[in-house]
Structure formats: structure tokens, C-alpha cells
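Contents: one structure, followed by commentary.
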Amino acid sequence: MVRVPFRAAADRVRHRLTRFTRPKSAARTTARTPGDLTGPAPKPYVRALSMLAVVVIGAWLGLLAVGSIRTPVGPMDTNMTLRPSLTGGSKINVSPLGALELDSHIAPLRLDVDVDRLDPVRSQALVDQPERFSGLQDEVTRDVAAGTRELAVRSCVAVISGATALGLVVYRRPRRALAAGGLALTLLAASGVSAYATWNPKSVLEPKFSGLLSSAPSLVGDARSIVTEFDIYQQELARLVTNVTRLYDATSTLPVYQPDPGTIRALHVSDIHLNPAAWHIIASLVEQYEIDVIIDSGDTMDHGSAAENGFLDPIRDLGAPYVWVRGNHDSMVTQAYLEKFRNVTVLDDGRTVNVAGLRIAGTGDAQFTPDRSKPVGGKAAAELEGMRLATSLRDQEQAGTPVDIAVAHDPNTARQTDGTVPLVLAGHLHNRINEQLKGGTRLKVEGSTGGGGLRAVQNDKPEKVRASVLYLDRSTRRLQAWDEITLGGLGLTTAEVSRHLPEENLKKDAPSSPAPTPSPTRSPTRPTPSP
């Protein structure tokens, strides 16, 4: 009983095929009884086109059903699939960043590779066995070759099965169905020969990016330089697998200072640039140094797109109020997203707030240049924004509510506040600057807390991860001391903490200084052992 509807559907398909392929004269002169599917044979080219249509549709359905494999490539899990295509090539999907398209071959088949995740077990194995790094490239090559062979075998089975099954449904003749399967195998083999003959290994030098990866050339530099200096990049990128774990270990062993009831502790971070390791480092510092407030001087993002907003969610769980100003890589979309967080205070246009006993004012960067193009306004625009901030600071002082700390992203903006505030914080340069300005304001520029983020492998030397703990007197709210924390970047596993005092405090007697008391060894620099 179950086969009756199926056979009826097959009869209808065959009836339509024969009706369209039968000569009109035969249709007019030949009488047919109900259920009779016989008639004059269609023309040869029509039969060939009909067979080709059955083969192509059946092969496509077969590939959709079973023509993909899930295979490990090094420490990553990937999904490889062959798809029908008019142009061929390969497409590598890296969700949610976007896709990378390569003109690798010319054939009616495209290779899709979906990078799903970084497997924690295999990643930990690399951590436990560092000697495997030297053979990581060969391991990845073997994995890709094995995955391609398995995909080829499965695709052959899928194509033949799909074409044969559809041929059996349409023609109801085993010989015709087998002919469809054989033709499908022939077409697949021809596609493979075409792909092999047109294989272009240099296509990796001229990729097409989409999504957030469209900015990849500006992030990692010219692809040709990466190929030329592949040995250097191989070492650094391989160590990236273990680097995050080692940085966590480093922060967990940082020296802990005894809390001073007369001290407000502020953590200054900047230029995170989408490095997820930064959140774990910041959370560790907040816990160990009992931080009262985190001040971020911008460039938390890299492109300022809405797709990046999820990267900001860990801020909710850092354990301290978060004060933020917009950098030139942060958009108004980024700013609007952060304004929804309960523990985040966004400062812009000279806005002033009271947080953790400090009165803080700040402004966002005057320019938005995520593609690293030449700023429209340049230094002049930054200085003009600084003048506006300085005017706001003077207004606050005249109103009897002077500001303790001003925050801007660009040091050119921050310098314009000289004489209007005791301390101004900035970032942008990825290097530390500590300068007493002529008007009495201390300028502190923080390095990159994200170690340069996605650009960490572009420079000659890997960038280090930098943050500073500021100690301010609770009654005067003036800077008493600060600790500069420096962690090794890619391929480096050192952690260093150095204590600094303002020049005016150095002239005072040590017992009268309200700076927090460090550990018994008062060496200005205490490197922690490498984990």
C-alpha cells in the first residue's frame, strides 16, 4: 500500500517527460489508453538533455545530503564540502569574522571549508608537548591532504548514489539508472581533472575578503611579506595557541600589595583591539590589586562594527566600574552598545561623573579611522577636541566641582588640558609616556593592553601587553604612585611589575608617603618567573 503513491508520482514524472519529448504528429495520431506510457521514442538530443538534467540534479542532491566531512586540521575542527559552482575556487568561512575566497581552480565544483572551533584538548596537547610546534606545519598539511582524500571518496559515492537514485525514479529502468550513475561519475572525474589542471597555488597571495575579514590586508600587511618571512610568522602563530594560557598563568602569579585604606586604586587600560586575552588579564588584576575603577582610554575595538559588539560582553563581569572613552577604532555603534551596560560609564564631549570617589571627565576621539587611513582632520582635529575638553574642565572648576582625572584617546587631545586638571590619561600610541606638562598636569599614556590585538604579528617584534595600577590619595585624590605591569606578547612569557613615584613624592620622607606598602623586597622591578 505504501508503494502506490510513490509509483503514481513516478508515473506522473515519466508522463510529463514523454509528453514533452514525443513528436507532435505522434501525439495527434496515436491513441493512448489510460496508464499507457508507450509512444514514439524522443529525439536523441532530447534524450541526452533529459539524461543530463537527471544526472546533474541527482548529483547535486547527493552532494547536499552526504557530500561533506568533518575533519580535524591541527588544533582546529573544520567541515569540508564540495558544492556545485559555475566559477570553481575555494571558500574558507571563519565565523563570525567573514570569509576568504581563493581562485584556486577552474571547475564546476567549489571547495567550502568551515572553521568551526579550536579544540581545547588538542590545544592543551600542544601546550604540554612544545616540541610538536616544529612539526605543526607538516601536521596541518597531512590533515588537509587526508581530509581532501576522504572528501573525494565521499563525494564520488554521493554523486553516483544521487544520480542513480533519481534515474531509477524517473526512468524505472535499472539500466538507465546505472547509466545515469556512470555519467555522474564521468562528470565528477572530468571536474577533478579540470581542477587539477588549473590548480593555482599562488591564489593565496591574492585572496578576496568579505565581512570583517575585508580589513585583513590592513591588519596583517601584504600577504607576500608573510610568505617571504613565513618562518617567523609560523613560529609566532603556532605559539599563539599556548600564549593565552601562559599569559593567564603569568597574571595569576603577579605580586599582591597590601591594601591601603587611604588609597583609591584605578586600573588604566587602553588599545585592547579585540584581543580576548585582555579581559582575563584585566579580571585578574582587578582581583589581585583590589581595583576600585577601570579607566579605558579607547580603541577597544578594531573596526567599530556591530558584529564586534559581542566582544564587549565580558566587561559586565570584570568586578569593577568601567569608565570608557571612544578611540579612533571605536564607532558610535560601539559607544551606544556600551552605554547599555550597568557598570559602564561612557564619557564624551567633556561629560563628568563621580566614580569610586573620583571625579572623572572625558571625551571621545575626534576621528573614526578603522581602516588606518590618513585622518581627515589629523592633529588639528585632535587638538580642537582637547580645547573643548579643557573648556569643560575650567567650567567645572569655576562651579566648585574640579575634576580629578581627564581621559582622552589621542595624546594630542590630552595635552590641551594642561593646567586644568592634575592628571590626564590617554592611549593610541601603543607605548607608555609619563610626562609632567608645563602647566602642572601629569600626562600618562598607556601602551596596548591587548598587545596590539590582531596586528601583533605585523611588527618586527611582538607587542607586549601593558596596563597600569594608579594609586590616588582618598582625601586629596592626587596621584601618589603607580605600578606599570608588562606581560610578554606573542612568543614571550615574561611578566614584570615596576613601582614608580611622582617626582614631588620622591622628595618627601618615605614614612610620610601615603603610597601603599609593597612587598618586603622594594626592588623597583620584580619580574615573575616564566610559567
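Not one N or O on the side chain of Thr334 forms a donor-acceptor pair closer than 3.5 Å with the backbone of Asp330. Proximity of a side-chain donor or acceptor of Arg351 to a complementary backbone N or O of Val346 within less than 3.5 Å is detected. No donor-acceptor pair closer than 3.5 Å links the side chain of Asp365 to the backbone N or O of Gly327. Using modelled atom types, no side-chain atom of Glu383 and backbone atom of Ala380 make a donor-acceptor pair closer than 3.5 Å. Under the 3.5 Å distance criterion, the side-chain polar atoms of Glu446 are matched with a main-chain donor or acceptor of Ser468. One N or O on the side chain of Gln436 and one on the backbone of Gly440 form a donor-acceptor pair closer than 3.5 Å.
Of the residues listed (Ile405, Val323, Val445, Val269), the one engaging Leu425 in a side chain to side chain contact (heavy atoms under 4.5 Å, CB included) is Ile405, and it is the only one. Of the residues Ile282, Ile281, Val465, Asp299, the one that meets the side chain to side chain contact (heavy atoms under 4.5 Å, CB included) test with Ile272 is Ile282.
A salt bridge links Arg415 to Glu435: one of the charged nitrogens lies within less than 4.0 Å of a carboxylate oxygen. Arg388 has no carboxylate O lying under 4.0 Å from a charged side-chain N of Asp349, or vice versa, which leaves the two without a salt bridge. Using a 4.0 Å cut-off between a side-chain N of Lys or Arg and a carboxylate O of Asp or Glu, Arg466 and Glu484 do not qualify as a salt bridge. Residues Arg110 and Asp112 are paired through a salt bridge, judged by an N-O separation under 4.0 Å between the basic side chain and the carboxylate.
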| request: Test side-chain contact (heavy atoms from CB on, under 4.5 Å) on Ile291 and Val469 and set out the steps. | output: CA-CA 8 Å; Ile291 297 299; Val469 178; 3.9 Å; yes
| said: With side-chain contact (heavy atoms from CB on, under 4.5 Å) as the criterion, how do Tyr289 and Asp483 come out once you've worked through the C-alpha distance, each side chain's angles and the decisive distance to 0.1 Å? | reply: CA-CA 10 Å; Tyr289 283 84; Asp483 290 337; 3.7 Å; yes
| task | Using the side-chain contact (heavy atoms from CB on, under 4.5 Å) rule, take Thr401 and Arg359 through it: C-alpha gap first, then chi angles, then the decisive distance, then the call. | result | CA-CA 8 Å; Thr401 54; Arg359 190 160 178 81; 3.5 Å; yes
| said: Would Val421 and Leu423 count as a side-chain contact (heavy atoms from CB on, under 4.5 Å) here? Give the steps. | reply: CA-CA 6 Å; Val421 67; Leu423 176 65; 5.7 Å; no
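Side-chain contact of Ser331 with Gln335: a donor-acceptor pair under 3.5 Å is absent, judged by distance alone. For Asn79 and Arg70, the side-chain atoms include no donor-acceptor pair closer than 3.5 Å.
Pairing each heavy atom of Ala390 with each of Thr420, the nearest pair is O-CG2, 4.1 Å. Among all heavy-atom pairs drawn from Leu393 and Ala406, the shortest one is CD1-CB, 4.1 Å. Closest approach of Ala361 and Gly350 over heavy atoms only: CB-O, 4.2 Å. Taking both residues in full, the closest heavy atoms of Thr441 and Gly419 are given as OG1-N, 2.8 Å, listed atom of the first, atom of the second, then distance. Closest non-hydrogen pair, Leu347 versus Val325, comes out as O-CG1, 3.8 Å. Annotation for Glu385 and Gly364: closest pair CG-O, 3.9 Å, computed over non-hydrogen atoms.
Atom NE2 of residue His409 and atom CG of residue Asp271 lie 5.0 Å apart, to the nearest 0.5 angstrom. Put simply, CG on Asp418 and CZ on Arg442 are 12.0 Å apart, with the number rounded to the nearest 0.5 Å. Considering CG of Leu338 and CZ of Arg316, their distance stands at 9.0 Å, rounded to 0.5 Å. Atom CG in Leu267 sits 11.0 Å away from atom CG in Asp292 (nearest 0.5 Å). Note that CG of Leu479 and CG of Leu472 are 5.5 Å apart. Values are rounded to the nearest 0.5 Å. Going from atom CG of Asp296 over to atom OG1 of Thr345 covers 12.5 Å, rounded to the nearest 0.5 Å.
Side chains of Pro502 and Trp482 form a contact here, defined as non-hydrogen atoms less than 4.5 Å apart. Counting only heavy atoms from C-beta outward, the side chains of Ile315 and Trp279 approach each other to under 4.5 Å. At least one side-chain heavy atom of Ser284 sits under 4.5 Å from a side-chain heavy atom of Gln288. Between Gln416 and Leu389 there is no side-chain heavy-atom pair separated by less than 4.5 Å. In this structure, the side chains of Ile294 and Val286 come closer than 4.5 Å at one or more pairs of heavy atoms. Residues Phe341 and Asp313 are in side-chain contact: their nearest non-hydrogen atoms beyond the backbone lie under 4.5 Å apart. Side-chain atoms of Trp324 and Thr300, non-hydrogen and from C-beta on, do get closer than 4.5 Å to each other. Inter-residue side-chain proximity for Lys444 and Ile433 is flagged as unmet; no heavy-atom pair is nearer than 4.5 Å.
The environment of Glu287 atom CD is sparse: at most 12 non-hydrogen atoms of other residues, nucleotides or ligands sit within 6.0 angstrom. For Arg432, the CZ atom counts as densely surrounded, since its 6.0 Å shell holds more than 12 non-hydrogen atoms of other residues, nucleotides or ligands.
With sequence neighbours left out, Thr476 forms a side chain to side chain donor-acceptor pair (under 3.5 Å) with Asp473.
The ring of His329 has its center closer than 6.0 angstrom to the ring center of His273.
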